[in-house]
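Reading through the C-alpha cells given below for one structure.
Owing to the predicted nature of the structure, the values given are computational and were not obtained by experimental measurement. Both counts, for ligands and for their atoms, begin at 1 and track the order of listing.
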Amino acid sequence: MTHQPPVLPGHRIGIVGGGQLGRMLSLVASEIGYDVAVLDPDPESPAGRVADEHLCAPYDDESALTWLKTHCQAVTTEFENVPADVLEQLSSQCIVSPSAAAVSIAQDRIQEKTFLQRHGLQTAPFSAISQPSQIAAAWHALGGGEAILKTARMGYDGKGQSLCGTQDEVDQAFRAMGEVPCVLEERVAIETEVSIVLARSQDGQVACYPAAENVHTRGILDYTIVPARINPSMADKAQVLAVKLAHAMDYVGVLAVEFFITKTGDVLINEIAPRPHNSGHFTQDAADTCQFEQQLRALCQLPLGSTQLRSAAVMVNLMGDLWGVSGEPDWLVILRDEQAKLHLYGKKVPKAGRKMGHFTYLAEDVEIALDKALALKQALSEHSGR
Ligand code: ADP
Ligand code: MG
C-alpha cells in the first residue's frame, strides 16, 4: 500500500464481519463521527444492528463487495476466517487493513507457526500433519508425551482440538477431524497464559498495551487480569516478541499475540489474531484508548492513541451457559456496582459456549479487582432476573 492521506471523520468505513468485535468497533467509530457499513449474512448480527448500513449478504457476494469498495474509504475485518481474497479484492479500490497476506498467515496454524519459527519466535514444538502416514514421525518427534492435535484452519475457542496421550489417539482424532490439515503440538506445562494487544500504523509506529493474564476454562477465555501478575521482565519479553512479530509481518492494524509462559520460564507464542481480541476488552474501561479506537486509528491512518492503563482491571466473559439454569441473568447485580462496567453484544439466542457479553471490574489494586470480579461472576450465576 502506498502512503495515503488519513481517512477523517465524516467518511465511511466498512467492516467485513458482524460479530461483537465489529459491533464494538462500529460503536466507537460512530462516536468519533464516521459512518459505518457492516457486511454480514446474519440479519441479526451484533454489528449489523448498530451500524449505519448493514449489507446482509455472504462475505464473497460480488455486489456487496462492489458496494463496499465504492462507498467506503477504508475497510477492515473483525474475524480471521474472512476469505483472504475478499480483502485482496477490496484493496484494489480502498484502504484495507490488516492486509490479506497478514490475515492468511493467522488463518492457518501451519503457516502461522512456520512464519514464527522462521523469524526466530519460539512456539511449542509442533509438526504439520496432512495425511495419516505423517502421524508416526510427528508423534515420535514430540517425544511421546501428551500432545494436542489442532485443525490448521477454522479453530477458535478450543474448537477443532483434541488432547492425545498415545499415537493411536492421534490416529483416531485425525480421522475424526476428517483428515484435514492439522498441527500436532506438544502439550506444554503452562505456568501462566498472557496476551499482548498492540497496534501498528502504516509507517511502522507501534503502541502496545500492558500484558494481560488470561484464564481459560475448557479452552475458552474465562477472564483476563490486568496488569498480568508476572515478573516484569517476562512481561517486557512478551512485548518485545509481539512488536518484533508485528514488524516482521509488516502488520497494519490491531494485532493480538497469545503467549504461554511455561513452568520452566520459556515465553512461547501460542497464536496470533489479526484484530482486536477478547483479552483486550479491558482497554474499553481501563486504558486511555480502547483497542477498537486503536483499530480505527490504524485503519484510517490517524495517530495511534495512548495505551496507558488508568487502573487495574479484570474482564469477565459472560457465556451463554449463564442463561442455562434460570434464564436471563439479573444484570442489576453488575449494574449496581459502581466499579463494574457491563457490555452486552445484543445476541438474541444464548447458547452454551457462546460469548454474549462481558463485564470489567476496575480497582486500584489488581488482587482487589480479581476478588470483586469473581464474586460478581459467582453472584450473577446465582441470580436470574426472570
Ligand atoms: P483457540 O484458537 O481455540 O483459541 P488455542 O490454540 O489458543 O486455540 O488453544 C486454546 C487454549 O487451549 C489455550 O489458550 C490453552 O489454554 C490450551 N492449549 C492450547 N495449546 C496448548 C498446548 N500446546 N499446551 C497446553 N495447553 C494448550
Ligand atoms: Mg487462542
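- When heavy-atom distances to ligand 1 are checked against a 4.0 Å cut-off, Ile148 comes that close only through its side chain, counted from C-beta outward.
- Counting heavy atoms under 4.0 Å from ligand 1, residue Leu221 does not touch it at all.
- The single protein non-hydrogen atom nearest to atom 18 (N) of ligand 1 is Phe260 CZ, 3.8 Å, given as residue, atom name and distance.
- Residue contacts with ligand 1: Phe126 is excluded, as none of its non-hydrogen atoms falls under 4.0 Å.
- For ligand 1, the atoms sitting less than 4.0 Å from at least one non-hydrogen atom of Glu186 are 22 (C), 23 (N), 24 (N), numbered in the order shown with element in parentheses.
- Only the side chain of Glu271 comes within contact range of ligand 1, with a heavy atom under 4.0 Å; no backbone atom does.
- Gln107 places a side-chain N or O within 3.5 Å of a backbone atom of Val82 that can act as its donor or acceptor partner.
- Ranking the protein heavy atoms by distance from atom 3 (O) of ligand 1 puts Gly158 N, 2.4 Å first.
- Residue Glu258 has at least one heavy-atom neighbour below 4.0 Å for each of these atoms of ligand 1: 7 (O).
- Counting only N and O atoms by type, the side chains of Gln378 and Glu382 include a donor and acceptor under 3.5 Å apart.
- With a 4.0 Å heavy-atom cut-off, ligand 1 is reached by the side chain of Asn270 but not by its N, CA, C or O.
- Of the protein's non-hydrogen atoms, the one nearest atom 5 (P) of ligand 1 is Gln161 NE2, 3.4 Å.
- Between the side chains of Tyr223 and Asn214, not a single donor N or O lies within less than 3.5 Å of an accepting N or O.
- Using modelled atom types, one finds no donor on one side chain facing an acceptor on the other under 3.5 Å when comparing His216 with Glu258.
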Evaluate the criterion side-chain contact (heavy atoms from CB on, under 4.5 Å) for residue pair Arg354 and Val349; output intermediate values, then yes/no.
CA-CA 9 Å; Arg354 186 169 206 203; Val349 187; 3.9 Å; yes
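- Sorting the N, O or S atoms of Glu271 by how far they are from the Mg ion (ligand 2) puts OE2 first.
- Using a 4.0 Å cut-off to heavy atoms of Glu185, the atoms of ligand 1 that qualify are 20 (N), 21 (C), 22 (C), 23 (N).
- Scanning the protein for heavy atoms near atom 24 (N) of ligand 1, the closest one is Val188 N, 3.0 Å.
- Of all protein heavy atoms, the one closest to atom 6 (O) of ligand 1 is Lys150 NZ, 2.7 Å.
- Within the 4.0 Å heavy-atom criterion, neither part of Arg218 lies near ligand 1.
- When distances from the Mg ion (ligand 2) to the N, O or S atoms of Glu258 are compared, OE1 comes out shortest.
- In summary, the aromatic rings of His281 and Phe359 are positioned with their centroids too far apart to meet the 6.0 Å limit.
- Note that CG of Leu149 and CH2 of Trp139 are 10.5 Å apart. Values are rounded to the nearest 0.5 Å.
- Heavy atoms only, all atoms of each residue included: Lys69 and Cys94 are closest at CA-SG, 4.3 Å.
- The nearest protein atom to atom 16 (O) of ligand 1, hydrogens excluded, is given as Glu193 OE2, 2.4 Å; this is a heavy-atom distance.
- Within the 4.5 Å cutoff, the side chain of Trp67 has no heavy atoms near those of the Leu39 side chain.
- Among protein heavy atoms, atom 26 (N) of ligand 1 sits closest to Ile190 CD1, 3.4 Å.
- Contact annotation: the side chain of Leu221 approaches that of Met315 to within less than 4.5 Å [non-hydrogen atoms, C-beta and beyond].
- Counting heavy atoms of neighbouring residues, nucleotides and ligands inside a 6.0 Å radius, atom NZ of Lys150 exceeds 12 of them.
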